[in-house]
Protein chains: 2
Amino acid sequence: MIKVTVDHRAEEPPYLQLAGILRARIASGELAPGVMIPSITTLSQEYGVAVSTVRRSLGVLKAEGLIRTRPSWGTFVVPEAERPKN
Amino acid sequence: MIKVTVDHRAEEPPYLQLAGILRARIASGELAPGVMIPSITTLSQEYGVAVSTVRRSLGVLKAEGLIRTRPSWGTFVVPEAERPKN
DNA sequence: TGAAATTTGTGCGTATGTATT
DNA sequence: GAATACATACGCACAAATTTC
C-alpha cells in the first residue's frame, strides 16, 4: 500500500492522485471484474474530493480501458482479457 | 457548411456538437496550424455554451490529436504531419 | 521594474435528465 | 412513487504562465 488518500496540497492534482489510487486498487485485485466499484458519490466522500473530481478520475481510467461505466447502473472493472494493451 | 451553431435541444450533447463544429473548421482549413484558435472564453460566447463545456469539447479534439493546448498561451491546431493516424 | 490583462488548468457545488432498482 | 447512479451542463473561483503596457 502506497497511497491511500488524496492530498490537496500535493503537486499532483487530486483527480490524477485518485486515478492512481483506483488504478492501484484495480491492479491489486481489490477491485476486480465483477466487483461493483463504489459509486461516484461514495468515492467523493471517501476521498474528500468533489463529485466532479471523481468523475474526472474515472474518465482517465475509462480512457485507459480499465473501467467501464454503465449509466444508471454503476461502474465496473473491465476484465483483463478485454482491456486494450498498451 | 453544415453545422454552425449549438442546439441545446438536440439529442447530441452540446460538447459533442461543438467538437464536431471545430473539427469541421479544422478540416476545412479555416482553423489551420499557425492560425490562433479562439480562446475558450471566446468560443464560449460565440457558441452560447459554458466555458466548462468548451473545455470538454477541446478535450475531445485533444484526445484525437487534432489540437494542442499550451497553458497561458492558447490552443493550436496540430500540423497534419504530426497528427496520429486513426 | 511591475502591474494588469489574457489564457489554460484545476476544483467545487449545483441542477436537471435518464435509467435502473 | 421513491431512491440510487451515471451523464451532461452551468457558473464560479483560484493558480500559474505569458503577454502587454
Side-chain angles (χ1 to χ4, degrees), chain A residues 3 5-23 25-26 31-78, chain B residues 3 5-23 25-26 31-78:
Chain A
K3 260 191 315 186
T5 59
V6 170
D7 179 5
H8 287 260
R9 296 169 52 196
E11 271 200 31
E12 193 180 27
Y15 85 94
L16 286 182
Q17 288 183 51
L18 179 52
I21 292 171
L22 295 177
R23 201 182 290 113
R25 289 178 66 178
I26 291 173
L31 296 177
V35 178
M36 176 72 92
I37 285 192
S39 79
I40 291 179
T41 310
T42 304
L43 290 173
S44 160
Q45 295 168 342
E46 261 182 37
Y47 290 101
V49 294
V51 166
S52 24
T53 303
V54 175
R55 292 191 49 73
R56 200 166 180 186
S57 304
L58 295 184
V60 172
L61 302 183
K62 212 169 358 174
E64 295 172 0
L66 271 183
I67 62 172
R68 203 169 288 156
T69 52
R70 284 179 51 187
S72 47
W73 231 96
T75 304
F76 301 88
V77 175
V78 174
Chain B
K3 260 191 315 184
T5 59
V6 170
D7 178 4
H8 286 260
R9 296 169 51 195
E11 271 200 32
E12 193 180 26
Y15 85 96
L16 286 182
Q17 288 183 51
L18 180 52
I21 291 171
L22 295 177
R23 201 182 290 114
R25 289 177 68 178
I26 291 173
L31 297 179
V35 179
M36 177 70 93
I37 284 193
S39 77
I40 292 177
T41 310
T42 304
L43 289 173
S44 161
Q45 295 170 342
E46 262 182 35
Y47 290 101
V49 295
V51 167
S52 24
T53 303
V54 175
R55 294 191 51 74
R56 198 167 181 184
S57 303
L58 295 185
V60 171
L61 301 183
K62 215 173 348 178
E64 294 172 0
L66 272 181
I67 63 172
R68 205 168 286 156
T69 52
R70 284 180 49 189
S72 53
W73 185 256
T75 304
F76 301 88
V77 176
V78 174

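Proteins get letters first, then strands, A, B, ... in listed order; numbering begins at 1 in each.
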| task | Please work out if B:Val51 contacts a base, only the sugar-phosphate, or nothing of the nucleic acid, heavy-atom cut-off 4.0 Å. | result | nothing
Discussion item. D:dT8, OP1 or OP2 - any side-chain N/O from B:His8 closer than 4.0 Å?
Written reply: no
Hits for side-chain contact (heavy atoms from CB on, under 4.5 Å) against B:Val35, two or more places apart or cross-chain, chain-then-number order -> B:Ala32
Residues passing the side-chain contact (heavy atoms from CB on, under 4.5 Å) test with B:Phe76, sequence neighbours excluded, are B:Met36, B:Arg70, B:Trp73
For residues 32-41 of chain B, the salt bridge (Lys or Arg N to Asp or Glu O under 4.0 Å) pairs (sequence neighbours left out) are none
Residue pairs meeting side chain to side chain donor-acceptor pair (under 3.5 Å), one or both in residues 49-62 of chain B, sequence neighbours left out, come to B:Lys62-B:Thr69
Please measure how far the P atom in C:dT1 lies from the corresponding atom in D:dT20, and state the result in whole Å.
22 Å
A:Arg68 meets the salt bridge (Lys or Arg N to Asp or Glu O under 4.0 Å) criterion, sequence neighbours left out, with A:Glu82
For this session: Would you mind reporting whether B:Val60 and B:Arg23 have side-chain heavy atoms less than 4.5 Å apart?
Result: yes
Touch check for B:Ser52, heavy atoms < 4.0 angstrom, all strands: base, sugar-phosphate only, or nothing?
base
Ordered by number, residues from residues 54-75 of chain B within less than 4.0 Å of DNA chain D (heavy atoms) are B:Arg56, B:Ser72, B:Trp73
Here the distance between atom C1' of C:dC12 and atom OH of A:Tyr15, to the nearest Å, is 16 Å
Ordered by number, residues from residues 33-45 of chain B within less than 4.0 Å of DNA chain D (heavy atoms) are none
Here the distance between atom C1' of D:dA7 and atom CG of B:Leu16, to the nearest Å, is 11 Å
side-chain contact (heavy atoms from CB on, under 4.5 Å) filter on A:Thr42, not counting sequence neighbours, yields A:Pro38, A:Ser39, A:Glu46
Residue set satisfying side-chain contact (heavy atoms from CB on, under 4.5 Å) with B:Pro33, at least two apart, ordered chain then number -> B:Val77, B:Pro79
